[in-house]
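Numbers for residues simply follow the sequence, beginning at 1. Keep in mind that this is a model prediction, so the values were computed, not measured.
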Amino acid sequence: MRVVIVGGGPGGYEAALVAADLGAEVTIVNDEGLGGHCVLWDCVPSKTLITSAQAVSTVETAPDLGVRFDDQAEGRVPRHGVDLPTVMARVRELAEAQSDDIGEAVLAAGVRLLRGRGRVVDPHTVEVRPLDGGAVERLEGDAILLATGSDPRRMDTAPTDGEVVLSSKDVYKLRQVPEHLVVVGAGATGAEYATAFLRFGAQVTFVVSRDRILPTQDEDAALVIEDVFERRGLETVKNARAAKVERVGDR
């Protein structure tokens, strides 16, 4: 049996491993490394970002924990700062390393990986345009699985430019900590960005459509996190939706 899978996230590569184990001839068509949005742009990168933020917190709280630094008055926090390019380089390095590990496991299972963009042309055919500009290839399959995953939502009222108005993927292009970061959307990913950039020294404002942050999570836990955010200086605009985002100069 021939199986063609379009998309290399968990839905795609896990299905490929199962199908290959059952004896199928499997091809994954994907336009980036395996792992999907979670590994490459969301869960893994955001946790890596938070690790750097925790390091800043450790430095700032060390004197209260009895740690002394040379050439610093007792109880004083040493001068410190955030090298954001180094932070972001580490984010990409770890995400790509995990993606490579997944790719190696899939290849070891006998799955073919084809880097390109796939288009279903009929119930048993996928047309692939390679990213390197090579010749278009047509793949025949007894079964086709679409596992194309997700991308950040983009709206006409909030066009992203990758510089000032950012999607969740664009955050990792930042080269310096913004003076003020406005986060639209107070779910888990938004809260992680807020945590990191608060510790990096940015002013952070949440625009929340409901009456608290993390509205889909346990209320008691969310309220504790909200209290910590407020004590750290985060501002929240609740029960409101962002109607429009407009770039004016570099703000």
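Shown here for Pro152 and Ser167, the closest heavy-atom pair between the two residues is CB-CB, 3.9 Å. Closest non-hydrogen pair, Ala16 versus Val26, comes out as CB-CG1, 3.8 Å. Heavy atoms only, all atoms of each residue included: Leu17 and Ala109 are closest at CD2-CB, 3.7 Å. Considering every non-hydrogen atom in both Ala202 and Pro178, the closest pair reads CB-O, 3.1 Å. The two atoms that bring Gly33 and Leu40 nearest to each other are O-CD1, 3.2 Å, heavy atoms only. Minimum interatomic distance between Pro10 and Gly35 (heavy atoms only, all atoms of both residues): CD-O, 3.7 Å.
A donor-acceptor contact shorter than 3.5 Å is absent between the side chain of Gln203 and the backbone of Glu179. Side chain of Arg2 to backbone of Val4: no donor-acceptor contact under 3.5 angstrom is found. For Arg212 (side chain) and Leu214 (main-chain N/O), a donor-acceptor pair under 3.5 Å exists by modelled atom type. Using modelled atom types, no side-chain atom of Thr205 and backbone atom of Val182 make a donor-acceptor pair closer than 3.5 Å. Side chain of His124 to main chain of Gly141: a donor-acceptor pair is present (N/O by atom type, distance under 3.5 Å, no hydrogens or angles). Although no hydrogens or angles enter the test, the distance criterion places a donor-acceptor pair under 3.5 Å between the side chain of Arg68 and the main chain of Pro63.
Under 4.0 Å is where a charged nitrogen must lie from a carboxylate oxygen, and between Lys173 and Glu163 no such pair does. Using a cutoff of 4.0 Å between basic side-chain nitrogens and carboxylate oxygens, Arg115 and Asp31 are not scored as salt-bridged.
Counting non-hydrogen atoms of neighbouring residues, nucleotides and ligands closer than 6.0 angstrom, the CZ atom of Arg92 exceeds 12 such neighbours. For Glu137, the CD atom sits in a packed shell: over 12 heavy atoms of surrounding residues, nucleotides or ligands are nearer than 6.0 Å.
The hydrophobic cluster containing Val177 does not contain Val77, counting ILVMFWY residues as joined when their side-chain heavy atoms lie under 4.5 angstrom apart, directly or transitively. Under the 4.5 Å side-chain heavy-atom criterion for ILVMFWY residues, no single connected hydrophobic cluster contains both Val126 and Ile28. Hydrophobic cluster membership is shared by Val56 and Leu234, with clusters built from Ile, Leu, Val, Met, Phe, Trp and Tyr side chains linked at under 4.5 angstrom. Linking ILVMFWY residues whenever their side-chain heavy atoms come closer than 4.5 Å, directly or via other members, leaves Val228 and Leu223 in distinct clusters. Criterion: ILVMFWY side-chain heavy atoms under 4.5 Å apart, direct or through other members. Under it, Tyr193 and Ile225 are part of a common hydrophobic cluster.
A tilted orientation is assigned to the rings of Trp41 and Tyr172, their planes being inclined by 30° to 60°.
Residue pairs meeting the salt bridge (charged side-chain N to carboxylate O under 4.0 Å, His left out) criterion with at least one partner in residues 11-21, sequence neighbours excluded, do not occur; the list is empty.
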Next item on the list: Applying side chain to side chain contact (heavy atoms under 4.5 Å, CB included), run through Asn30 and Leu113 and close with a yes or a no.
Entry: CA-CA 8 Å; Asn30 197 44; Leu113 298 181; over 6 Å; no

Note to self: Go through it in stages, so that I can follow the logic: the residues are Glu96 and Leu94, the test is side chain to side chain contact (heavy atoms under 4.5 Å, CB included), and I'd like the CA-CA distance, side-chain angles, deciding distance and then a yes or no.
What the structure shows: CA-CA 5 Å; Glu96 290 167 5; Leu94 293 180; over 6 Å; no

Next item on the list: Under the salt bridge (Lys or Arg N to Asp or Glu O under 4.0 Å) rule, what do Glu226 and Lys238 come out as? Steps first, then yes or no, please.
Entry: CA-CA 12 Å; Glu226 187 170 297; Lys238 298 181 179 180; 2.5 Å; yes

Checklist line | Full working for side chain to side chain contact (heavy atoms under 4.5 Å, CB included) between Ile5 and Thr27 | finding: CA-CA 6 Å; Ile5 299 173; Thr27 300; over 6 Å; no

Item checked: CA sep, side-chain torsions, deciding dist, call: Leu139, Val128, side chain to side chain contact (heavy atoms under 4.5 Å, CB included) -> CA-CA 8 Å; Leu139 303 175; Val128 182; 3.8 Å; yes

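Remark: His37 NE2 to Glu32 CD distance equals 9.0 Å, nearest 0.5 Å. The distance from atom CD1 of Ile50 to atom CD of Glu192, rounded to the nearest 0.5 Å, is 4.0 Å. Distance check, rounded to the nearest 0.5 Å: OG of Ser99 to CD of Glu104 gives 10.0 Å. Within the model, atoms CD of Glu246 and CZ of Arg251 stand 14.0 Å from one another, a figure rounded to the nearest 0.5 Å. One distance of note links CD1 of Ile213 with OG1 of Thr236; it measures 6.5 Å at 0.5 Å rounding. With rounding to the nearest 0.5 Å, the separation of CZ in Arg153 from OG1 in Thr160 is 13.0 Å.
Side chain to side chain, Arg138 and Thr125 fail the donor-acceptor criterion of an N or O pair below 3.5 Å. For the residue pair Thr48/Arg90, the side-chain donor-acceptor check at 3.5 Å is not satisfied. Defined by atom type and a distance below 3.5 Å, a donor-acceptor pair is missing between the side-chain atoms of Ser168 and Asp42.
Residues Asp100 and Leu34 have side chains not in contact (no heavy-atom distance under 4.5 Å, counting atoms from C-beta outward). Using a 4.5 Å heavy-atom threshold, the side chains of Arg112 and Leu114 count as touching. Looking at Asp151 and Lys169, their side chains come closer than 4.5 Å, going by heavy atoms from C-beta outward. Between Arg129 and Arg119 the shortest side-chain heavy-atom distance does not fall below 4.5 Å.
Of the residues Phe206, Phe200, Phe197, the one that meets the side chain to side chain contact (heavy atoms under 4.5 Å, CB included) test with Leu181 is Phe197.
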